[in-house]
Participant: 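Here it is: the structure, laid out below.
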Amino acid sequence: MVYDFYAAGAEDQWTLRENSEAFSRILFQPRVLVDVSCIDMSTSVLGYNISMPIMIAPTALHKLAHPEGELATARAAAAAETIMGLEFVSSNFQFTLPQNVMLKIFEGLDQGKIDKTNGSSLAAYVASQIDRSFSWKDIKWLQTVTSLPVLVKGIITAQDKYGAAGIIMSNHGGRQLDYLPATISCLEEVVREANGRVPVFIDSGFCRGTDVFKALALGASGIGRPVLFSLAVDGEAGVRNALRMLRDELEITMALSGCTSVKEITRGHVVTESDRIRRCSRL
């Protein structure tokens, strides 16, 4: 049940596959004979300095992967000097609640109201807890009751109105609505609309350091990557290792592309399908 909940996509799982395959259609244009003996991958997110433009994307119920749950993930993020996104469906909220208080969203999990052999049943149960009336007016309300920056996750088109401190592009890993485009395919459109007014972050489909480089070249301010499988393998140490591998892969990609800092990664370092079509049309 847990594996299916973590690994599966919606319906035909087309978006789940497209999230990965879209990266293969973006190619590199490296710069050679550049001194890359010193590479700086550090960046900042809303004023917070982090060691690399790779963060942990918010995902639900980490205790299904490991007994220490989100606590292990948070420690690994801190060790890597990066940011962890905390999902509202967190299995560690009861560190902050009295022992006799149970979050409503977990009642069904404890009382066996779902099919424990069926991952889609668990996904459906979690989805059933979401308020369908939630809208942009709630974002505006939230901004009136907190001094914290409010970011909106789930944007994949410039046709959406923003009005937030930042955007997190996401198709939720292809787990909600199938036949959505890969977020990497929509990135430039959203970045153009944001026009530098707010940072644009992105998740969904990021597996390698090369994927991170491509997103940065297309204008992303940083990327989010789930770590549930690495958490299941070895807890905090597993998440640390996953982050280290991504960091190492990004560093190698930057070196081979002739970039010594994140700011040096530009649009000219990648070629997209649209670029190839335009070039062919000129011939």
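The structure presented is a predicted model; accordingly, all values stated were derived computationally and were not measured.
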Participant: Which heavy atom of Thr260 sits nearest to which heavy atom of Met254, and what is that distance?
Facilitator: C-CE, 4.1 Å
Participant: Return the minimal non-hydrogen interatomic distance between Ile39 and Glu251, and the atom names on each side.
Facilitator: CD1-O, 3.7 Å
Participant: Between Arg247 (side chain only) and Ala80 (backbone N and O only), is there a donor and an acceptor less than 3.5 Å apart?
Facilitator: no
Participant: Do the side chains of Arg276 and Glu273 get nearer than 4.5 Å, heavy atoms only?
Facilitator: yes
Participant: For the hydrophobic clusters of this structure (ILVMFWY residues joined by side-chain heavy atoms under 4.5 Å, transitively), does one cluster hold both Leu151 and Trp136?
Facilitator: no
Participant: Should Leu46 and Pro199 count as side-chain neighbours, where that means a heavy-atom distance under 4.5 Å?
Facilitator: yes
Participant: How far apart are the closest heavy atoms of Leu187 and Val200, and which atoms are they?
Facilitator: CD1-CG1, 4.0 Å
Participant: Work out which heavy atom in Gln29 is nearest to a heavy atom in Gly268; give both atom names and the distance.
Facilitator: NE2-O, 2.9 Å
Participant: To the nearest 0.5 Å, what is the distance between CD (Glu68) and NZ (Lys63)?
Facilitator: 9.5 Å
Participant: Applying side chain to side chain contact (heavy atoms under 4.5 Å, CB included) to Leu246 and Phe206, what does each step give before you reach the verdict?
Facilitator: CA-CA 10 Å; Leu246 276 174; Phe206 288 85; over 6 Å; no
Participant: Taking Asn195 for the side chain and Arg197 for the main chain, is one N or O donor matched with an acceptor at less than 3.5 Å?
Facilitator: no
Participant: What verdict does the side chain to side chain contact (heavy atoms under 4.5 Å, CB included) test give for Arg225 and Cys207, after you've listed the backbone C-alpha separation in whole Å, the side-chain angles of each residue and the deciding distance to 0.1 Å?
Facilitator: CA-CA 8 Å; Arg225 162 72 187 167; Cys207 295; 4.0 Å; yes
Participant: Has Phe134 got more than 12 heavy atoms of other residues, nucleotides or ligands less than 6.0 Å from its CZ?
Facilitator: yes
Participant: For Asp138 and Ser135, what are the C-alpha separation, side-chain angles and deciding distance, and is it a side chain to side chain contact (heavy atoms under 4.5 Å, CB included)?
Facilitator: CA-CA 6 Å; Asp138 297 293; Ser135 68; 3.8 Å; yes
Participant: With rounding to the nearest 0.5 angstrom, report the CG to OG1 distance, Leu243 to Thr82.
Facilitator: 7.0 Å
Participant: Does one hydrophobic cluster hold both Ile156 and Phe23, with members joined at side-chain heavy-atom distances below 4.5 Å?
Facilitator: no
Participant: Could you grab the distance from atom OG1 of Thr210 to atom CG of Leu27, nearest 0.5 Å is fine?
Facilitator: 11.5 Å
Participant: Between Arg267 and Val270 (side chain of the first, backbone of the second, donor and acceptor by atom type, cut-off under 3.5 Å), is there such a pair?
Facilitator: yes
Participant: Under 4.0 Å between a side-chain nitrogen and a carboxylate oxygen: does that hold for Glu264 and Arg31?
Facilitator: no
Participant: Is any side-chain heavy atom of Pro58 closer than 4.5 Å to one of Lys153?
Facilitator: yes
Participant: Give a yes or no on whether Ile265 and Val36 share a hydrophobic cluster (residues Ile, Leu, Val, Met, Phe, Trp, Tyr; joining criterion: side-chain heavy atoms under 4.5 Å apart).
Facilitator: yes
Participant: Please report the shortest heavy-atom distance between Ser257 and Pro30, naming the atom on each side.
Facilitator: CA-CB, 3.7 Å
Participant: For Glu189 and Thr157, does a side-chain donor sit closer than 3.5 Å to a side-chain acceptor?
Facilitator: yes
Participant: What's the spacing between His269 NE2 and Leu218 CG if we round to 0.5 Å?
Facilitator: 12.5 Å
Participant: Side-chain heavy atoms nearer than 4.5 Å, only ILVMFWY residues, links allowed to pass through others: does that put Val212 and Ile168 together?
Facilitator: no
Participant: Using the six-membered ring wherever Trp is involved, compare the ring planes of Trp14 and Tyr179 and label them parallel, tilted or perpendicular (cut-offs 30° and 60°).
Facilitator: parallel
Participant: Run the side chain to side chain contact (heavy atoms under 4.5 Å, CB included) check on Asn241 and Arg244 step by step: do they pass?
Facilitator: CA-CA 5 Å; Asn241 193 43; Arg244 180 190 57 77; 2.5 Å; yes
Participant: Mark yes or no: Arg175 above the aromatic ring of Phe5, with NZ or CZ under 6.0 Å from the six-membered ring centre and no more than 45 degrees from the axis.
Facilitator: yes
Participant: Do the side chains of Met55 and Phe201 get nearer than 4.5 Å, heavy atoms only?
Facilitator: yes
Participant: Just checking Lys263: does its NZ atom have more than 12 heavy atoms from other residues, nucleotides or ligands closer to it than 6.0 angstrom?
Facilitator: no
Participant: So which of Asn19, Asp178, Asp203 actually passes side chain to side chain donor-acceptor pair (under 3.5 Å) with Asn171?
Facilitator: Asn19
Participant: Determine the minimum heavy-atom distance between Ser44 and Asn49, stating which atoms define it.
Facilitator: CB-OD1, 3.7 Å
Participant: What verdict does the salt bridge (charged side-chain N to carboxylate O under 4.0 Å, His left out) test give for Arg278 and Asp275, after you've listed the backbone C-alpha separation in whole Å, the side-chain angles of each residue and the deciding distance to 0.1 Å?
Facilitator: CA-CA 5 Å; Arg278 283 194 294 268; Asp275 295 333; 2.5 Å; yes
Participant: Would Met245 end up clustered with Phe229 when hydrophobic side chains under 4.5 Å apart are linked, directly or stepwise?
Facilitator: no
Participant: For the backbone of His62 and the side chain of Glu70, can you confirm whether one donor and one acceptor N or O come within less than 3.5 Å of each other?
Facilitator: yes
Participant: For Arg75, is the CZ atom crowded, meaning more than 12 foreign heavy atoms sit under 6.0 Å from it?
Facilitator: yes
Participant: Mind checking the OG1-CG spacing from Thr15 to Leu177? Nearest 0.5 Å is all I need.
Facilitator: 7.0 Å
Participant: Would you give the length of the straight line joining atom CD of Glu87 to atom OG1 of Thr73, rounded to the nearest 0.5 angstrom?
Facilitator: 12.5 Å
